[in-house]
2 protein chains.
Amino acid sequence: MNTKLDLKKIEKISKALGDPYRLKIMELINKEKCALQCATIIDKFELSQSTISHHVKQLIDADLLIAEKDGRNASYQVNKEVFASYIKYLNSFGC
Amino acid sequence: MNTKLDLKKIEKISKALGDPYRLKIMELINKEKCALQCATIIDKFELSQSTISHHVKQLIDADLLIAEKDGRNASYQVNKEVFASYIKYLNSFGC
DNA sequence: TCGATATATCCAAATATTTCGATATATAAA
DNA sequence: TTTATATATCGAAATATTTGGATATATCGA
């Protein structure tokens, strides 16, 4: 595990984290012990459902979130693996 | 040291890292033992001088680079402190 | 001083991202 | 089976980012 990410992927992850709503969505999901439902996210922000869906998709596309579908509900959790790999890359700059 | 970064700052740093050229500029500067001159960066990429200058400015504005001016030359080095703080923030997601 | 060089800034065009309303899709509930 | 609910996708407008040419500024060398 702890795959080495290529530059394209690093770029995508960084871009996904470069938006205030997406950061707040990540924090919200991270606070939950277990997976968080989409409707909960929509409740918390002054954004339309389609906009939230779009932001969540970007986080999923960057592999920062893992999505799970249960019937008509979707839930998400943080992909700790990918964060670990991203941090590993950043460590070359940090220390 | 190792200041806690607010969300706005995390966003700015992530955005600054969310571009292929800026990532490559960071890597280039990081590879140098000592500070890297601007002209060297310009040589390495197929981008105009003004575009490089703009990208470097964004990295400086995000505090990822420290700029030093010596006469008409400018040189840059990685701000390890800020990287460390950014990584510290990301650790809440990673493990 | 005068011309050359290094970098930064200004402006505008090209491109990408964000946002929302409308609609599609799939499932649950009546 | 019909209706309601949850989420995703499409299309278009608003906004932001990227890019390069032109120019400004500051300094070095002749």
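Chain letters run A, B, ... following the sequence lines, proteins first, then strands; residues in each count from 1.
Among the atoms of the strands shown, only primed sugar atoms or phosphate atoms (P, OP1, OP2) are found under 4.0 Å from some heavy atom of A:Tyr76.
The line from CD1 of B:Ile13 to CD1 of B:Ile87 is 10.5 Å long, rounded to the nearest 0.5 Å.
With hydrophobic clusters built from ILVMFWY side chains whose heavy atoms lie under 4.5 angstrom apart, B:Ile42 shares a cluster with B:Leu47. Follow the hydrophobic side-chain contacts under 4.5 Å out from A:Ile66 and you never reach A:Val56; the two are in separate clusters.
Counting only N and O atoms by type, the side chains of A:Ser53 and A:Ser50 include no donor and acceptor under 3.5 Å apart.
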Item to complete: Report the C-alpha separation of A:Thr51 and A:Tyr21 in whole Å, then their side-chain angles, then the decisive distance to 0.1 Å, and conclude whether the side-chain hydrogen bond (donor to acceptor under 3.5 Å, both in side chains) test is met.
Response: CA-CA 10 Å; A:Thr51 301; A:Tyr21 290 111; over 6 Å; no
Worksheet item: Between B:Lys15 and B:Glu11, does a salt bridge (charged side-chain N to carboxylate O under 4.0 Å, His left out) hold up when you go through it step by step?
Response: CA-CA 6 Å; B:Lys15 207 171 277 181; B:Glu11 181 199 337; 3.2 Å; yes
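Rounded to whole Å, the distance from CZ on A:Arg72 to C1' on D:dT5 is 4 Å. Here the P atom of nucleotide D:dT18 and the CD1 atom of B:Ile52 are 13 Å apart, to the nearest Å. One interatomic measurement links the two molecules: OH of B:Tyr21 to P of D:dT18, which rounds to 12 Å at whole-angstrom precision. Atom-to-atom, CD1 of A:Ile42 to P of D:dT5 comes out at 14 Å; the value is rounded to the nearest Å. As a whole-Å value, the separation of B:Leu59 CG from D:dT18 C1' is 14 Å. Atom CD of A:Glu68 is separated from atom C1' of D:dA6 by 16 Å (rounded to the nearest Å). As rounded to whole Å, 14 Å separates atom P of D:dT5 from atom CG of A:Asp43.
At least one side-chain nitrogen or oxygen of B:His55 sits closer than 4.0 Å to the OP1 or OP2 atom of D:dT19. Within the structure, every side-chain polar atom (N or O) of B:Gln49 is placed at least 4.0 Å from both OP1 and OP2 of D:dG21. Residue B:Thr51 places at least one side-chain N or O under 4.0 Å from the OP1 or OP2 atom of D:dG20.
Taking a pair as Watson-Crick or G-U with both hydrogen-bonding distances under 3.5 Å, the stems of three or more pairs touching DNA chain D are C:1-30 with D:1-30.
Using a 4.5 Å heavy-atom cutoff, the side chains of B:Asp70 and B:Ser75 are not in contact. A 4.5 Å side-chain heavy-atom check between A:Leu64 and A:Arg22 finds every atom pair outside the cut-off.
The nucleotide range of DNA chain C contacted by chain A, defined by atoms under 4.0 angstrom from heavy atoms of the protein and reported 5' to 3', is C:dT17 to C:dA29.
Nearest heavy atoms, B:Ile29 versus B:Ile41: CD1-CD1, 4.1 Å.
Applying the 3.5 Å distance criterion, the base of D:dG20 shares a donor-acceptor pair with the side chain of B:Ser50.
Proximity note for A:Lys57 (side chain, C-beta onward) versus D:dT17, D:dG20, D:dT9: the nearest is D:dT9.
Along DNA chain C, the nucleotide nearest to B:Val56 and the one nearest to A:Glu46 differ in position, and the one closer to the 5' end is contacted by B:Val56.
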